[in-house]
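Below is one structure; the comments refer to it alone.
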There are 2 protein chains.
Amino acid sequence: MIEETKEKDEVQFDEQHLRQLLENSETDNFREEFLALHPYDQAQFYEKVGPDIRQIIYQYLSPKEMADIFEAIELDDDEYKGILEEMDTTYAAQMIAAMYTDDAVDVLNELDKDQITHFLKIMDKDSAQDIKELLYYAEYTAGSIMTTEYVAIPENSTVRSAMTILRNAAPDAETIYYIFVVDDTNHLTGVISLRDLIIAEEDTLIRQIMNDRVVSINVTDDQEAVAQIMKDYNFLAVPVINSKNEMLGIITVDDIIDVIDEEASDDYSKLAGVSDMVTFDKSPFAAAKKRLPWLVVLLFLGMLTANLVDLFTGTLEKVAILAAFIPLIGGTSGNSGTQALAVAVRGIATGDVEEESKMKLLLREAITGIITGVVCGAIAFGIVFFWKHMWLLGVLVGTAICCSIVVATIAGSFIPLLMHRLKIDPAVASGPFITTLNDITSILIYLGIATMFISKLM
Amino acid sequence: MIEETKEKDEVQFDEQHLRQLLENSETDNFREEFLALHPYDQAQFYEKVGPDIRQIIYQYLSPKEMADIFEAIELDDDEYKGILEEMDTTYAAQMIAAMYTDDAVDVLNELDKDQITHFLKIMDKDSAQDIKELLYYAEYTAGSIMTTEYVAIPENSTVRSAMTILRNAAPDAETIYYIFVVDDTNHLTGVISLRDLIIAEEDTLIRQIMNDRVVSINVTDDQEAVAQIMKDYNFLAVPVINSKNEMLGIITVDDIIDVIDEEASDDYSKLAGVSDMVTFDKSPFAAAKKRLPWLVVLLFLGMLTANLVDLFTGTLEKVAILAAFIPLIGGTSGNSGTQALAVAVRGIATGDVEEESKMKLLLREAITGIITGVVCGAIAFGIVFFWKHMWLLGVLVGTAICCSIVVATIAGSFIPLLMHRLKIDPAVASGPFITTLNDITSILIYLGIATMFISKLM
């Protein structure tokens, strides 16, 4: 919901004072103070108090007033069930019905099927119908984040009749700043902004001043595509249609901001190899559960590195100093790979990559890898030579670092591009996965070259 | 700028057709088709054509029409200079003056001081004044992203007089959906939404229906704080004031979306150890320049690992198989550290961390580390034993992995929390930095324990 007018000053609210009013059963005073707050601040208070105080709140607020709070609270997904069970079932059903449909759907999606069916049965038929339509859409699609409370006017309206419709719809619509124009079979034919409406003469036909080239979203489009459109065109809302161009709902900019945040957290956690969203877990067990999958997979993958080094035991026994540089070479190439990976994943996410040919990109990454590889290799040679005074060892380490970096950089870009081509989310190629791969390749390169020149090194 | 009405249908624009119109000097036809497009699509066309075609466009479009395009184009920072130099200086100055002030400031900030001064001298005094006020603000503050084209009405207005002011201001204001109420010395005293205005009776006093509890931003606040407020309250715009509560400008939601994207890219690139934003560079040299700083720093840091392993040469010579597990232990603890780091950095960025005591967090991370460490250690023991049939070696590797993971997890959370406490951006503690630290500690732990039990291992 786009909240416009309820605002607050710097000191948000006096929590102690509000608690007292509740405990002293000062209904009117509490309602007067509490309802003057922005729903976000009401939600902040609600999240702070315990179950006993919440019971009192349910007595003091109507389902509609409670709905305003529910649209603004931020609970963990598994907390909704418990909170709803605190309320009288009819009260809860009315509250859900009073919420904007997209928010109602978000809440219901956290409950069991029986509970959902029960609530839908109790609430009024219209709200239940609206909700049922939205419940059906797959997660992360436009359909799953849209809402049905928009303003639509007939094509033959005048500015005057449009304003009348608008004034009546204003209390319940998510936004009245874009008004959508439909024909008599609900096909989307145009859009007009409130800005243009208030400037126009009252007798003007809507058809003359509306925009008939409407950017719309299909109900099955991915939410990331919706976010990109909102960002590109700076819209406050975008209409959602089906394949027959019938208007189904709208998605507003505040919901898209949540989507953008979600996607950013998602990419971030994948780069770090943490499954699921990077949310602060209250329980160490929950946190461990999110991290162990990747850790264990990479543990097995990492055993390959042990296997490989073992193969080169002969070489290592002859020139023990070689072992000292294994972590260095693996680490530096791993860092390069992670960098290349991050650039590629971010480039795909922001759409920068679409416009380029994949070959051009890989070629560019290869050159970047060569530049960084040569620079790092040269520095490594210098340090090793300065430290151990062994010219050939320096060349070996420098060359190994250079080659590993080139391979890592190419792999770091290639893998997400390949996954993108195969329609897999490229962010799944996590940082840890790339670094482990690079450990393997760098060991092969380093100890392989060393073995070839083993006689000269001894 | 919040664009509301210019929209397009699925096929964006016929590039070939537009090019032809330009090449055939069909001024009127080109203008008619081109100006019917959304500025975003106009910008897309503009970015595709070469300098020759652009010269023709400058002939065909007024500075104001060109300004609409310039507000929507996405060039690399260093490209603006060249593009502006293509234009006649007076034309360019008029174009910049016609842009919304925040966008004009963004463009000017990419030029040399002399050029900025020159443009400001040529353009009209009012625009120059508005721009000068904003140029002064430090990057990443509210002042640097705000704009001055807002609608303010006097406290003693009626709904009728407010609507009149609004209709006059509508063509030039960034948004007319929130109207700010000021006293006669420009102090911000309230806000009202257009939604509330159009529902109210025309003779109603604004003072009666406005909200006097206005959420505002101080001009020196960080842009991330602004983003958080917009997200929390679902505002379309937020007013910016100085310490005397005088109104200076507004920040609109579309600009905040850009800020959110920027910050997300920034955190992401820091986790990967890439300095600057993760933008797709057209030049491999530019890309290498962004990655080399961290790579070289970590190269030097990584030499410490080589030094350390070298200290344990005695141990390694006696039990050569030990070397095989160095990458595995370093890698697994590095992964754990990166995971912990990501969770901590993201938690600080989203504000989840503020509400907890730091000690509680570290304790929780320590327990998470112990759980993951024990699980991975046990699995590692199993694999080593199954592979090499050496019970003690298995215990050693398993114990080393367990301890390294615990240390890495605690370090991965502690370091960003410490930096946050010292007011350094915690995202600076990049993934590669953490993994390199973990290489060092894991080598110490692993080879240290091995050395203690060296006799039993031989």
Side-chain angles (χ1 to χ4, degrees), chain A residues 2-5 7-9 40 167 170 176-177 193 195-196 199 211 213-215 232-234 253-254 264 272 274 278 280 284 287-288 291 298-299 302-303 305-306 309-310 313 317 320 323-325 327-328 330-332 335 338-339 342-343 346-347 352 364 367-368 371-372 376 383 432 439, chain B residues 2-5 7-9 40 167 170 176-177 193 195-196 199 211 213-215 232-234 253-254 264 272 274 278 280 284 287-288 291 298-299 302-303 305-306 309-310 313 317 320 323-325 327-328 330-332 335 338-339 342-343 346-347 352 364 367-368 371-372 376 383 432 439:
Chain A
I2 302 180
E3 268 300 307
E4 304 123 326
T5 58
E7 296 179 313
K8 67 166 195 37
D9 52 41
Y40 173 74
R167 288 194 182 92
I176 60 161
Y177 297 138
S193 74
R195 188 199 286 241
D196 289 342
I199 299 178
N211 243 297
R213 307 175 76 164
V214 190
V215 177
D232 287 342
Y233 291 94
N234 288 337
V253 67
D254 57 311
V274 182
V278 184
F280 234 81
R291 305 183 199 186
L298 295 171
L299 189 60
M303 279 295 171
T305 64
V309 177
D310 198 35
T313 309
E317 278 176 343
F325 297 100
L328 172 72
T332 313
N335 296 342
T338 308
Q339 291 175 336
V343 172
R346 196 68 190 164
D352 286 342
R364 206 160 60 211
I367 298 176
T368 307
I371 298 172
T372 46
C376 290
I383 300 178
D439 278 344
Chain B
I2 301 182
E3 269 301 308
E4 305 122 324
T5 58
E7 296 179 309
K8 67 165 193 42
D9 52 41
Y40 173 75
R167 286 194 183 92
I176 59 162
Y177 298 138
S193 74
R195 188 199 287 241
D196 289 342
I199 297 177
N211 242 296
R213 308 175 76 166
V214 190
V215 177
D232 288 341
Y233 291 93
N234 288 337
V253 66
D254 57 311
V274 182
V278 184
F280 234 83
R291 305 183 200 186
L298 296 171
L299 189 60
M303 280 294 171
T305 65
V309 177
D310 198 37
T313 310
E317 278 175 344
F325 297 100
L328 173 71
T332 313
N335 295 340
T338 307
Q339 290 176 336
V343 172
R346 196 70 190 161
D352 286 344
R364 204 162 59 213
I367 299 175
T368 307
I371 298 171
T372 45
C376 290
I383 300 178
D439 279 344

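Any value given below was found using the heavy atoms of this structure, including those in side chains, with hydrogens, waters and symmetry copies removed. So you know, we letter chains A, B, ... as the sequences are listed, proteins then strands, and number each from 1. Quick caveat: nothing in here was measured; it's all calculated off a predicted structure.
Considering CD1 of A:Ile176 and OH of B:Tyr177, their distance stands at 9.0 Å, rounded to 0.5 Å. Taking OG1 from A:Thr332 and CE from B:Met303, the interatomic distance works out to 7.5 Å, rounded to the nearest 0.5 Å.
If you measure heavy-atom distances from A:Thr313 to chain B, the contacts under 4.5 Å come from the side chain alone. Using a 4.5 Å cut-off between heavy atoms, B:Thr305 contacts chain A through both its backbone and its side chain. If you measure heavy-atom distances from B:Ala323 to chain A, the contacts under 4.5 Å come from both the backbone and the side chain. Using a 4.5 Å cut-off between heavy atoms, B:Gln339 touches chain A through backbone and side chain atoms alike. With a 4.5 Å cut-off on non-hydrogen atoms, B:Asn335 touches chain A through its backbone and its side chain both.
A:Leu328 has its side chain within reach of B:Leu299: a pair of non-hydrogen atoms, C-beta onward, lies under 4.5 Å apart.
Residues forming a side-chain contact (heavy atoms from CB on, under 4.5 Å) with A:Ile367 (at least two apart in sequence, or on another chain): A:Ile371, B:Pro284.
Of all the listed residues (B:Asp439, B:Thr368, B:Thr372, B:Val309), the one sharing the greatest number of non-hydrogen pairs under 4.5 Å with chain A is B:Thr368. Contact count versus chain A (heavy atoms, under 4.5 Å) is highest, among B:Ile199, B:Thr338, B:Asp310, for B:Asp310. In terms of heavy-atom pairs under 4.5 angstrom with chain B, the leader among A:Gly331, A:Ala306, A:Gly302, A:Gly330 is A:Ala306.
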